[in-house]
Amino acid sequence: MANEIHLTVGGSQRKTWPAGTPVGEVLAALEGETSQRPVAARVNGRLVDLSFPLQEDAILEPVYPGSPEGREIFRHSTSHIMAQAVKALYPGTKITIGPAIEDGFYYDFDAPVSFTPEHLQAIEKMMQEIINADLKVRRRELSREEAKELFRRQGEDYKVEMLEEISDGTVSIYEQGDFVDLCRGPHVPSTKRIAAFKLTGIAGAYWRGDERNKMLQRIYGTSFESRQLLEEHLRRIEEARKRDHRKLGPELDLYSIQEEAGPGLVFWHPKGARLRVTLEDFWRQIHYRSGYDMVFTPHLARVNLWECSGHWEFYRENMFSPMDLDGQKFVVKPMNCPFHILMYKQKLRSYRDLPIRWAELGTVYRYEKSGVLHGLMRVRGFTQDDAHIFCRPDHLEEEILRILDLNVRVLKAFGFSEYAIYLSTRPEKSVGSDEDWEKATSALRAALEKKGLPFEVDSGEGVFYGPKIDIKIRDALRRTWQCSTIQVDFNLPQRFDLSYVASDGSYQRPIMIHRALLGSLERFLGVLIEHYGGAFPVWLAPVQAVVLSITDAHVPYGEGVLASLRESGLRAGGDFRNEKIGYKIREAQQNKVPYMLVIGNREVESGMVAVRERAQGDLGPMSVAQLIERIKKEAEPQS
RNA sequence: GCCGACGUAGCUCAGCGGUAGAGCAACUGAUUCGUAAUCAGUAGGUCCGGGGUUCAAUCCCCCGCGUCGGCUCCA
């Protein structure tokens with residue numbers, strides 16, 4: 001005799017059902033045929049399969065494929081389908097793990113063949129067959145021992161290894177056709193529910209993410225609840241590809257990286273250099289206005305300095321090998337801090353001198369493993385927009401607040417107003433007293449709160465020498481980039497025995513703050529190229545305007561216009577070649593120059609220029625003075 | 001560093017065991033033109049580098065270097 005249970009669906013629908021009814025049946029009866037079908041459900045907040053039998057009164061919420069949870073579920077199911085296809089096509093393949101990730105899923109395999117794009121096509125075909133076969137996805141619970149036996153018989157060593165480490169007595173497995181996987185679920189009820197999928201890439205990945213372990217083969221893919229959404233997603237990837245700074249940068253003649261010179265070493269061409277100079281000028285100005293001083297320090301130092309700082313001990317694998325000079329070892333700097341510290345120590349400092357704020361666009365060299373280099377984003381020589389603040393403990397919160405203030409102002413100038421902020425706290429291995437850590441961490445936290453900046457706490461993710469704030473910016477394609485970092489340091493002041501004379505005549509230890517707002521100029525410029533898609537705003541554009549002559553007869557007038565633009569400080573160029581105007585416009589447009597100034601008979605006669613803006617098109621005639629004023633107004637950084 | 005793919009003219013790419021080709025760009029000439037490509041001609045290559053196999057290698061094999069996709073790491 002089945003008991004009756006009461007179910008609440010969608011807040012209002014209360015109904016009575018026989019106990020043991022599967023979730024899917026209840027939802028199907030309530031939803032009718034017309035509405036979107038759920039892929040899973042929440043029962044009293046817990047995610048379950050549609051086959052889950054309801055045994056007690058519950059609040060029932062359907063999970064639809066379009067929701068973030070729904071997507072995660074069917075993507076996870078798609079990864080199972082892929083694993084099934086791979087096992088069917090390539091016997092002997094061992095499966096490991098295959099989760100849903102942001103924008104898709106992957107599955108890691110230990111396979112006897114090494115996968116190529118052609119294999120992916122075959123796998124996709126097989127996956128489609130599995131989907132068309134409408135295989136039911138069944139959940140089963142068994143004891144850990146039974147599961148181990150099951151996977152052992154199938155030769156799934158990785159699953160057995162995983163089971164060894166699971167402490168629960170019972171585990172769940174999911175089956176579809178002849179495929180079985182150890183999995184928590186939930187999953188879609190049938191393979192047919194995967195509307196649109198695509199395999200997107202092959203890569204190596206270490207078993208359990210540990211480089212000492214075996215390298216497995218990972219296949220990436222994605223799936224969506226409709227074909228249109230999948231196509232939209234693929235278009236977005238295409239858009240990101242078009243904006244790739246590694247393509248746009250050389251195309252716009254901004255920079256190059258050359259095999260002949262070495263990997264990860266950047267050459268800034270004239271246009272890229274203009275961009276960088278503009279950025280640096282802005283940066284220096286805003287720092288002077290914010291109470292910083294600029295310093296310059298050497299690129300080399302005796303290895304002893306790095307021994308004293310601790311870098312030689314802890315950071316050596318990232319440093320270029322020392323060079324022998326007159327029997328002494330010198331090292332190229334991977335960081336600027338020890339130099340600023342040496343400058344601090346040049347004289348006795350009074351508490352009245354603090355805080356000292358020293359900023360430097362310091363070029364550093366770090367040995368990065370060859371496989372991690374990536375355009376401008378990850379290089380071996382780069383310039384940090386570095387600063388070190390030496391202050392008293394009672395200054396700390398105020399200084400952090402000032403940094404955050406400056407930080408936000410600088411980022412906003414480039415149109416970055418959305419951040420993901422992380423406060424990282426004390427890690428296991430660290431130096432300094434509990435009290436220091438506590439004070440510094442709460443100063444960081446208080447400053448963030450006062451600024452009203454929302455943040456997440458990354459527990460134990462601080463650097464060994466102190467807590468830190470990291471700010472990631474979100475770009476025009478909504479991708480995030482780590483740029484700014486603010487780190488409190490108890491370690492270096494102690495290692496270098498820094499001190500200041502306090503008001504009572506005693507010697508006290510200053511606190512040091514390391515901070516970078518843009519991070520590295522190379523990376524930041526790379527981010528900017530992608531953020532703007534190469535079409536820099538007028539204030540940054542390496543060339544703000546080009547003068548285009550229609551025929552040779554207009555060249556002298558055009559040269560005059562160009563001269564006055566340059567005279568008034570604008571970055572202007574001219575294209576006076578014997579080419580048709582359409583050709584010149586096309587080229588200027590491809591170079592993403594904000595203003596194109598067309599010069600023909602009409603302009604020569606009226607003493608004007610015909611202005612074309614790269615996005616708005618033809619703006620009509622304007623006097624040169626008017627134009628200069630317009631561009632100058634647009635060229636002021638927004639800070 | 002690890003796994004895999006790739007490397008042909010400045011760029012995008014074709015080719016293939018018998019000595020390398022296109023389009024765009026460059027250069028020269030003609031054309032003097034009004035808002036995203038005027039026409040014609042010329043020139044341009046250690047086919048990433050080094051070994052090996054072969055009568056013969058850009059092509060096949062091995063070793064490097066570099067790039068790309070990831071992993072690990074990170075500004």
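Chain letters run A, B, ... following the sequence lines, proteins first and then strands; every chain starts at 1.
- Note on A/Asn601: a base of the nucleic acid sits closer than 4.0 angstrom, heavy atoms only.
- Among the heavy atoms of the strands lying under 4.0 Å from A/Gly582 are primed sugar atoms or P, OP1, OP2 only; no base atom is included.
- Comparing A/Gly209 and A/Gln217, the nucleotide of RNA chain B nearest to each residue sits closer to the 5' end for A/Gln217.
- Distances shorter than 4.0 Å separate none of the side-chain N or O atoms of A/Tyr206 from OP1 or OP2 on B/C73.
- B/C62 and B/U53: their C1' atoms are spaced 11 Å apart (whole Å).
- The partner of B/G41, taking Watson-Crick or G-U wobble pairs whose two distances both stay under 3.5 Å, is B/C27.
- Ring geometry for A/Phe464 against A/Phe314 counts as tilted: the plane angle lies between 30° and 60°, on a 0 to 90° scale.
- Look at CZ on A/Phe524: it is 16 Å from P on B/A75, rounded to the nearest Å.
- Looking at A/Gln589, its side chain has no donor and acceptor atom pair within 3.5 Å of the base of B/A37.
- If you take atom C1' in B/C61 and the same atom in B/C24, they sit 37 Å apart, rounded to whole Å.
- Nearest-nucleotide positions on RNA chain B place A/Ser370 closer to the 5' end than the other of A/Lys580 and A/Ser370.
- No donor-acceptor contact under 3.5 angstrom links the side chains of A/Thr480 and A/Gln482, judged on distance only.
- Side-chain proximity of A/Gln590 to B/G34, B/U72, B/A36: nearest is B/A36.
- Looking at the side chain of A/Ala205, the nearest of the listed nucleotides B/C71, B/G4, B/U38 is B/C71.
- Among the nucleotides B/U32, B/U38, B/G34, the one closest to any side-chain atom of A/Ile550 is B/G34.
- Checking B/C33, B/C73, B/A37 against every side-chain atom of A/Arg586, the shortest atom distance belongs to B/A37.
- Side chains of A/His554 and A/Asn601: a donor on one and an acceptor on the other come within 3.5 Å.
- Between B/A22 and B/A43, the distance separating the two P atoms is 12 Å to the nearest Å.
- Nucleotide B/G69 has B/C3 as its partner under the Watson-Crick or G-U criteria, with both atom distances under 3.5 Å.
- Evaluation of atom-type donor-acceptor distances gives no pair under 3.5 Å for the side chain of A/Arg218 against the base of B/C71.
- Remark: B/U58 base-pairs with no nucleotide; criterion is Watson-Crick or G-U wobble with both hydrogen-bond distances under 3.5 Å.
- Taking only side-chain atoms of A/Met215, from C-beta outward, the nucleotide of B/U32, B/G66, B/C2 with the closest atom is B/C2.
- Because its NZ or CZ atom is not both nearer than 6.0 Å to the ring centre of A/Phe105 and within 45° of the ring axis, A/Arg75 does not count as a cation-pi partner of that residue.
- Within the nucleic acid shown, A/Ala610 comes within 4.0 Å of at least one base atom, counting heavy atoms only.
- With hydrogens and angles left out, the side chain of A/Glu603 and the base of B/G34 share a donor-acceptor pair within 3.5 Å.
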